[in-house]
Amino acid sequence: MKTKVLCGVLLMLIAQAVQAATSVYNVRDYGAKGDGKTLDHIAINKAIEAANADGGGQVVLSAGTYLCGSIRMKSNVDLHLTAGARILAAPASMKVYDESEVFGAPEYQDGGHTYFHNSLIWAEGQQNVSITGRGMIDGEGLTKKDTEKAGNVQGGSIGTGDKAIALKLCRNVTIRDITIYRGGHFAIIVTGCDIGTIDNVTIDTNRDGIDIDCCKYFTVSNTKVNTPNDDAIVLKSSYALKRPVLCEHILITNCIVTGYKLGTFLDGTYVPEKVNWVCGRIKLGTESNGGYRNITISNCSCMWSSGLAFEEVDQGRMENIVVTNISLSHVHHYPIYITTGCRNRGPKERTDVSSARDIYISNVVADDCDSLASIIITGMEGEPIRNVSLSDIRIQYRGGGKKVSKPYREQGTNYPEPRWAGPTPAYGLFARHVDGLQLRNVKFELMRPDERPDIILEDVKNYDSK
């Protein structure tokens, strides 16, 4: 009896070992070379298809450089880059990226939000998709331009890749531990995806870092994003799904955002970049057709970046936003910016009005803030921003501002960016069209004198300060 039991256990262990072995798919077994010269995406795609056909598994890239065009992720597959593995985006001249899909509807959003297949790594309509490991994705051959068109024709060339990772309408997404360098237009963009985790990722890129668009139940944690030329971590609610969809139930926590010169975050030299119109930044917007609801941002550190921006300008709603424990250092243009407007980048027949309410920001410290703009909270006449609370906040401004004589620009249909509105009339806080504004222990400091007053309120009701 004991012998039979032992034999049974042994057979079970052997079966488990065989199953474990067959669930790992080494791309070199499918023809990948990893020499940086051979196009390896064909072999990688074969391995992904095999894993998917077997019900799932881990597709492994061992140490080496894998020159690639489009890699197509499938359900139940973990693309795993071991330490020393590098996926290198092929140049556009090789024409190895998939053609972008046909959108078949008016494009109210940028091409980067409209087309996904013309990317280095992409998936659409898949489940249980993950990209993990200590390796690197290097988007050297990707474009960072906003020139995407149907059929992947960009500036007259065919076959250009524009995003490092693009996931659309996927469920149960994990991106963990990888490094992305030079991610193209978007290092990571997820659109219409439910339930996802982006954790312990390092990004040093030439445009946007992470864009989460029309998604719900997503967490971005323990992640470092260096974006000297655009936004770092962005929530959006574009019209990419051909209807307004809320971006909701999102947590951004324990992250670092910087605006150092491209590549200097990864090499450890940390060279501050010349100030662009925006760099770094944690942001909601601008695309905001559906809006944002139940968003928490906590325990984040931002250096040499623009401040926090919360923008609802495309007829959606922004509500239940909680921000706490944020440090900002060397802040470009403004520390905190909350606005609504009527850019209305969507179908003309919509009658919705952009709205914002219940925004709570606490425990924020900021130093060396640009004197251009104060904290800005601006709604619209007849549709004020409702219920904003600022507590335990200390902002240090550079000062040196001159008295502003002309009225500050109404947001209206303008693109929501304080740089183009000019200096705010107050150096510390400017609020207009707000119903319910509470300040608790909010302090402003100046590094040098400023001719403007610290606070100016226009059309602000139910103001409470202590």
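Numbering starts at 1 and runs along the sequence shown.
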About how many Å separate [atom2] of [Y] and [atom1] of [X], when rounded to the nearest 0.5 Å?
X	Y	atom1	atom2	result
Glu311	Asp314	CD	CG	10.0 Å
Ile131	Ile188	CD1	CD1	7.5 Å
Lys283	Leu308	NZ	CG	12.5 Å
Asn206	Asn229	CG	CG	7.0 Å
Leu429	Ile377	CG	CD1	5.5 Å
Ile165	Ile210	CD1	CD1	9.5 Å

Heavy-atom closest pair, residues [X] and [Y]:
X	Y	answer
Ile44	Cys68	CD1-SG, 3.7 Å
Ala356	Thr340	CB-CG2, 3.6 Å
Lys261	Thr264	O-OG1, 2.7 Å
Ala373	Tyr397	O-CE2, 3.7 Å
Arg182	Leu142	O-CD1, 4.3 Å
Gly183	Thr205	N-OG1, 2.7 Å

Under the rule for side chain to side chain contact (heavy atoms under 4.5 Å, CB included), what residues qualify as partners of [X], not counting sequence neighbours?
X	answer
Leu88	Thr65, Leu67, Arg86, Asp138, Glu140
Pro425	Val404, Tyr408, Phe430, Ile456
Gln126	Lys74, Ser75, Ala123, Val129, Cys170

Are side-chain heavy atoms of [X] and [Y] found at a separation under 4.5 Å?
X	Y	answer
Asp204	Asp267	no
Leu437	Leu457	yes
Lys216	Asn294	no
Glu312	Leu284	no
Tyr463	Leu439	yes
Arg28	Ser62	yes
Met380	Val353	yes

With no hydrogens and no angle check, is any side-chain donor or acceptor of [X] less than 3.5 Å from a backbone partner on [Y]?
X	Y	value
Tyr108	Glu287	no
Asn45	Ser70	yes
Asp370	His332	no
Thr223	Val201	yes
Ser329	Met303	no
Ser119	Phe116	yes
Asn52	Ile48	no
Asp435	Pro384	no
Tyr292	Gly285	yes
Thr82	Ala85	no

Presence of salt bridge, [Y] and [X], under 4.0 angstrom:
X	Y	answer
Arg386	Asp358	no
Glu445	Arg394	yes
Asp464	Arg440	yes
Asp110	Arg345	yes

Using the side-chain contact (heavy atoms from CB on, under 4.5 Å) rule, take Ile376 and Thr424 through it: C-alpha gap first, then chi angles, then the decisive distance, then the call. CA-CA 8 Å; Ile376 302 172; Thr424 50; 3.7 Å; yes
Kindly say whether the aromatic ring centers of Tyr239 and His113 come within a distance under 6.0 Å.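 Aromatic pair excluded; centres sit 6.0 Å or further apart.
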Is it true that Tyr337 and Phe310 have ring centroids separated by less than 6.0 Å? no
Among Thr227, Asp231, Asp230, which residue meets the side chain to side chain donor-acceptor pair (under 3.5 Å) test with Arg281? Asp231
Taking only residues at least two apart or on different chains, which pairs with a member in residues 206-236 satisfy ring-ring contact (aromatic ring centres under 6.0 Å, His included)?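 Sorted pair list: Tyr217-His249.
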Can you pull the ring-ring contact (aromatic ring centres under 6.0 Å, His included) pairs that have at least one residue in residues 62-90, sequence neighbours excluded? none
More than 12 heavy atoms of other residues, nucleotides or ligands under 6.0 Å from NZ of Lys242: is that the case?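 Enclosed.
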With a 3.5 Å cut-off and sequence neighbours excluded, list the donor-acceptor pairs that the side chains of residues 174-181 form with protein atoms.
unit_1, atom_1, unit_2, atom_2, d
Arg176, NE, Asp199, OD2, 3.3
Asp177, OD1, Asn200, ND2, 2.8

Report the relative orientation of the aromatic rings in Phe444 and Tyr427; use parallel for angles under 30°, tilted for 30 to 60°, perpendicular for over 60°. perpendicular
Using 30° and 60° as the class boundaries, would you call the ring planes of Trp122 and His117 parallel, tilted or perpendicular? parallel
Decide yes or no on side-chain contact (heavy atoms from CB on, under 4.5 Å) for Asn226 and Ile203, but give the supporting numbers first. CA-CA 6 Å; Asn226 182 59; Ile203 298 173; over 6 Å; no
For [X] and [Y], which I'm curious about, is there any donor-acceptor pair between the side chains at under 3.5 Å?
X	Y	result
Thr114	Gln109	yes
Ser298	Thr253	yes
Asn172	Gln127	no
Ser237	Asn289	no

Quick one: do Asp40 and Val27 satisfy side-chain contact (heavy atoms from CB on, under 4.5 Å)? Show the steps, please. CA-CA 9 Å; Asp40 283 331; Val27 298; over 6 Å; no
For side-chain contact (heavy atoms from CB on, under 4.5 Å), just list the numbers for Leu120 and His41, CA-CA rounded to whole Å, side-chain angles, deciding distance to a tenth of an Å, and then say yes or no. CA-CA 9 Å; Leu120 179 58; His41 62 282; over 6 Å; no
Intermediate values then yes/no, side-chain hydrogen bond (donor to acceptor under 3.5 Å, both in side chains), Asp162 and Tyr115: CA-CA 10 Å; Asp162 74 298; Tyr115 304 108; over 6 Å; no
